[in-house]
Amino acid sequence: MAQKPAIPKGTRDFGPNVMARRDYIFNTIKEVFKLYGFEPIETPAMENLSTLTGKYGDEGDKLLFRILNSGDFLSNINDAEKQSFETLGPRISEKGLRYDLTVPFARFVVQYRNEISFPFKRYQIQPVWRADRPQKGRYREFYQCDVDVVGSDALINEAELVQLVDEVFKRLKIKVVTKINNRKVLAGLAEYIGQPEALIDITVAIDKLDKIGIDQVNAELREKGLSDKAVELLQPVLFMEGSTTEKLTMLEKLIGHLDIGAKGIAELRQLFDYLRIMDISMPVELDLTLARGLNYYTGAIFEVKAAEVPMGSICGGGRYDNLTGVFGMPDMSGVGISFGADRIYDVMQSLELFPEKAMQSTQIIFLNFGEKEMTYCLPFLQKIREKGLSAEIFPDAAKIKKQLRYADQKQIQIVVMAGESEMDAGQFTIKQMQTGEQITVAAQSLIEKLAERLKA
RNA sequence: GUGGUCGUAGCUCAGUUGGUUAGAGCAUCAGAUUGUGGUUCUGAGGGUCGCGGGUUCGAAUCCCGUCUUCCACCCCA
């Protein structure tokens, strides 16, 4: 048992069944991305630590997987440097695994600024790694599917992303609710209650509202140094009800006189105006308690949750005005969202939303009756593949029972048999596994008959 | 990173207050059926009980450590 191989904590293997489902999700997402004019890029699994550190806050830095330098990395290090992780760390590790796709993308944009024509619309589907403690639905290696537009301030980008989200989940048949907020509004609120410096603490706290309740949120706000008066002023916002228009009107009264607040409100108004004429089929709500942890967001923020399954957000994103600034390229605004493929998988699995069709692998299998019979089949096998039908031949002349069992378990729809009698008559026997129905056809009409049967 | 929790066959789990050779179902493989699957029947293989150490005449069972699982924080997809 102990000798049995294993994989690291928080990582997973994906067998053929799971892969068929994962591919279904990825392919659906990719199709929609392309439909909206996004192009794929890929970046390396590892980045220089200088690229990654400091972009995700202190918490994020702790969750970076660091890669030990190669060779005898301790030989040139003096004892003083060995005393603490702060000094030793940079000496023995210069690379780390990417933590998300957004920061590598920012690096990519800056690095290839002269080759990219803006606005740049890219999508990226790759694994990311976090040294988090795993739990259900939280892994140390997981895939993100990011779409971003950089180099355009226009709010139509936000609106189109919401539309894209709608399309993806419509295709996957997942009922979702999308929540939208704006960091400028949150900043306005922080200013309104007289503690603009507490913006981050406020967002982190109120983000937990639906999870821990109002009392706990208020307790946390006080703990973070908010005055009683400030907490008091915040209450009406946390409980704001009504339509989006009504909420915006109320907000206007509270923070409309503040520069940043007015800007945030105007952005939200514009965005919701666009959405109204876009015929979005999922519910889209303005949620003032939506904050999202990532601190680089500066405008709109989005979060998408499955309506029928309790699960964290399955998709989220926002506008970041200065992500490339840290890499020396200021004034490059971007907006993007990320789909959490693993959670989408879990949602679809629990609602049994994976279509039968997506699970099929091989469509046709030739049974193997022996060497002679196999050579009789081989030319037809090739022709079938040329037609775009997936087909295989059982490689060994095993017992028919075993071969059929193989076909059955692999959910192959059609079995083609040719033994001595069929060979002599220039025929094939076609068996449909689901019904057990069997017909014998002339060799020259085999492909036609197969195609017919598979269409039905 | 903090606190807790779990670990017995490929999978799901039994296993008495520590007591001989650790069991079942499912799965796998073989046979009943030398050209017909998903049902049935028969049989077989597969475990140093997560790993390491300790207590004991004796440990799957008790203790310590470690790894893993899951959970609550933190944070997040």
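Letters go in sequence order (proteins before strands), and every chain restarts at 1.
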Distance, rounded to the nearest Å, where [X] contributes [atom1] and [N] contributes [atom2]:
X	N	atom1	atom2	value
A:Arg140	B:rU68	CZ	P	7 Å
A:Phe369	B:rU36	CZ	C1'	8 Å
A:Gln216	B:rA72	CD	P	15 Å
A:Gln403	B:rG37	CD	C1'	11 Å
A:Ile400	B:rA32	CD1	P	15 Å
A:Ile7	B:rC67	CD1	P	18 Å
A:Ile206	B:rC75	CD1	P	14 Å

**OP:** Assign each of A:Glu141 and A:Glu59 to its nearest nucleotide of RNA chain B by heavy atoms, then name whichever residue's nucleotide is nearer the 5' end.
**Re:** A:Glu59
**OP:** Specify the residue among A:Gln135 and A:Gly419 whose closest nucleotide of RNA chain B lies further upstream toward the 5′ end.
**Re:** A:Gly419
Original post:
Any idea which heavy atoms bring A:Ala407 and A:Ile365 closest together, and the distance?
Top reply: CB-CG2, 3.9 Å
**OP:** Hey, can you tell me if A:Phe33 and A:Phe339 have their rings parallel, tilted or perpendicular (30° and 60° cut-offs)?
**Re:** tilted
Original post:
Quick one: does NZ or CZ of A:Arg140 land under 6.0 Å from the six-membered ring centre of A:Phe65, within 45 degrees of the ring axis?
Top reply: no
Original post:
When the C1' atoms of B:rU12 and B:rG4 are considered, how many whole Å apart are they?
Top reply: 25 Å
